[in-house]
Amino acid sequence: MRPIQVDGKTIGAIDTFRDITREREIDKAKSEFVSLASHQLRTPLGIIKWYLEALINEDYLQKAPQQTKDYFNEIQKSNERVLELVRELLSVSRIDQGRVKNAPKSVDIIQLVTEIVEQMQILASKRKIALNLTVQDQKIPSINIDILRFHEVIENLIANALEYTKTGGRVDVTLNTKGNTFLIQIKDTGIGISSEDQKNIFTKFFRSATATSSNQEGSGLGLYIAKSYVEGWGGKISVESLEGKGSTFTINLPIFQR
Ligand code: ADP
């Protein structure tokens with residue numbers, strides 16, 4: 001509110017209101033469009049993936065010249081990338097429209113994270129990075145959580161840690177508890193994030209300049225999705241990082257007993 005003064009005396013005030021109904025409508029329409037387009041794209045992309053997988057096992061392709069096989073690999077990789085982007089866009093539009101359906105189930109979190117880390121070992125060894133899991137509290141109770149979304153969040157954080165760390169580096173995943181909170185930390189010895197960029201990394205489509213130069217393929221959506229899910233579960237996600245030294249992402253989740 002801005003006061004109106006005449007000869008030092010306040011004789012009134014001006015307040016400004018702005019009708020944002022239209023902006024809201026445009027935002028809603030944008031979100032609905034992204035959702036519709038992603039749904040439409042998912043099916044044909046899924047079909048392409050299926051047929052590529054079928055073809056790749058065919059005898060004549062196994063015997064094909066190396067160049068043909070390389071072309072095929074490139075087609076498969078690109079298809080995977082677009083599928084991943086479409087999955088992320090679908091998650092974002094669900095988040096933005098408040099349509100995230102949580103289906104929490106009681107889960108042995110140590111076992112689940114162990115499985116995720118095992119699955120990520122292939123990527124880690126491809127990038128020649130040591131990926132380790134340390135369970136600091138063996139008595140972590142079962143947690144009520146949406147398993148698929150939890151999987152998506154942890155996989156994304158580990159994939160980022162592997163992506164933004166150079167060959168020969170390491171990624172450490174640690175599980176622990178603190179009071180009624182369950183802690184999961186993903187620490188890497190990678191490129192790090194400047195303190196200025198740390199303020200933005202959880203926003204939609206943000207990618208740091210250092211990240212863009214080391215990996216051109218990211219979407220800048222993973223951390224936005226992770227933060228939305230974690231906060232939806234009543235938890236917190238944070239980052240500590242030093243440029244050129246590495247980053248540590250920490251998730252705090254309340255422990256819900258069975
Ligand atoms: P993407 O990795 O697809 O770009 P994310 O939303 O997962 O999108 O991450 C957003 C940005 O945060 C990345 O582009 C990068 O700049 C930064 N970032 C995320 N994880 C790390 C990490 N472990 N080390 C360095 N930078 C990171």
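Start at 1 and go down the list; that is how both ligands and their atoms are numbered. FYI, the numbering just counts along the sequence from 1.
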T248 side, atom OG1; I193 side, atom CD1 - distance, nearest 0.5 Å: 9.5 Å
Contact atoms of ligand 1, heavy-atom distance to N156 under 4.0 Å: 7 (O)
Option whose closest heavy atom lies nearest to atom 14 (O) of ligand 1, chosen from K187, R207, E84: R207
Residue from L133, D188, I116 passing side-chain contact (heavy atoms from CB on, under 4.5 Å) with V173: L133
Check: P104 main-chain N/O paired with N102 side-chain donor or acceptor under 3.5 Å: no
Residues N79 and Y51: side-chain donor-acceptor under 3.5 angstrom: no
Ligand 1 contacted by G192 (non-hydrogen, < 4.0 Å): yes
Sub-4.0 Å atoms of ligand 1 with respect to non-hydrogen atoms of L221: 6 (O), 8 (O)
From the candidates I193, V239, D188, the one that places a heavy atom nearest atom 23 (N) of ligand 1: D188
Residue L223 vicinity, atoms of ligand 1 by number, heavy atom under 4.0 Å: 5 (P), 6 (O), 7 (O), 9 (O), 10 (C), 12 (O), 19 (C)
A211 neighbourhood, listing ligand 1 atoms whose heavy-atom distance to it stays under 4.0 Å: 14 (O), 15 (C), 16 (O)
Under-4.0 Å heavy-atom contact with ligand 1, by part of S247 that carries it: side chain
Side chain, backbone, both or neither: the part of F249 lying under 4.0 Å from ligand 1 by heavy atom: side chain
Distance from atom 22 (C) of ligand 1 to nearest protein heavy atom, with residue and atom: Y164 CD1, 3.7 Å
